[in-house]
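Written out below as structure tokens is the structure these notes cover.
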Amino acid sequence: MPNIGIYELVFVFIIPVAVLWIVIYTAVRAALRHSK
């Protein structure tokens with residue numbers, strides 16, 4: 001069984017957070033643009 005290092009842990013944790021942040025940011029920008 002391969003040893004999971006800190007880099008793999010950070011990699012697996014950062015990608016979903018980054019994707020979620022981009023989706024929220026895009027949705028907020030679209031909502032702000034629609035409201036004006």
request  = Is it possible for you to say whether V28 and L20 belong to one hydrophobic cluster, with membership spreading through side-chain heavy-atom contacts below 4.5 Å?
outcome  =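 Cluster IDs for V28 and L20 match.
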request  = Answer yes if V19 and I22 sit in the same cluster of Ile, Leu, Val, Met, Phe, Trp and Tyr residues linked by side chain heavy atoms under 4.5 Å apart, and no otherwise.
outcome  =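 As far as the 4.5 Å side-chain criterion goes, I22 and V19 are not connected within one cluster.
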task = Please say which of L9, V17, V10 ends up in a side-chain contact (heavy atoms from CB on, under 4.5 Å) with F13.
result =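 Testing each of L9, V17, V10 against F13, the sole residue satisfying side-chain contact (heavy atoms from CB on, under 4.5 Å) is V17.
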key: Distance in Å, T26 OG1 paired with W21 CH2, rounded so as to fall on 0.5 Å steps   =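 Here the interatomic distance stands at 8.5 Å.
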query = Do the non-hydrogen side-chain atoms of F11 and I15 ever get within less than 4.5 Å of each other?
reply =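 Heavy-atom side-chain distance check passes, below 4.5 Å.
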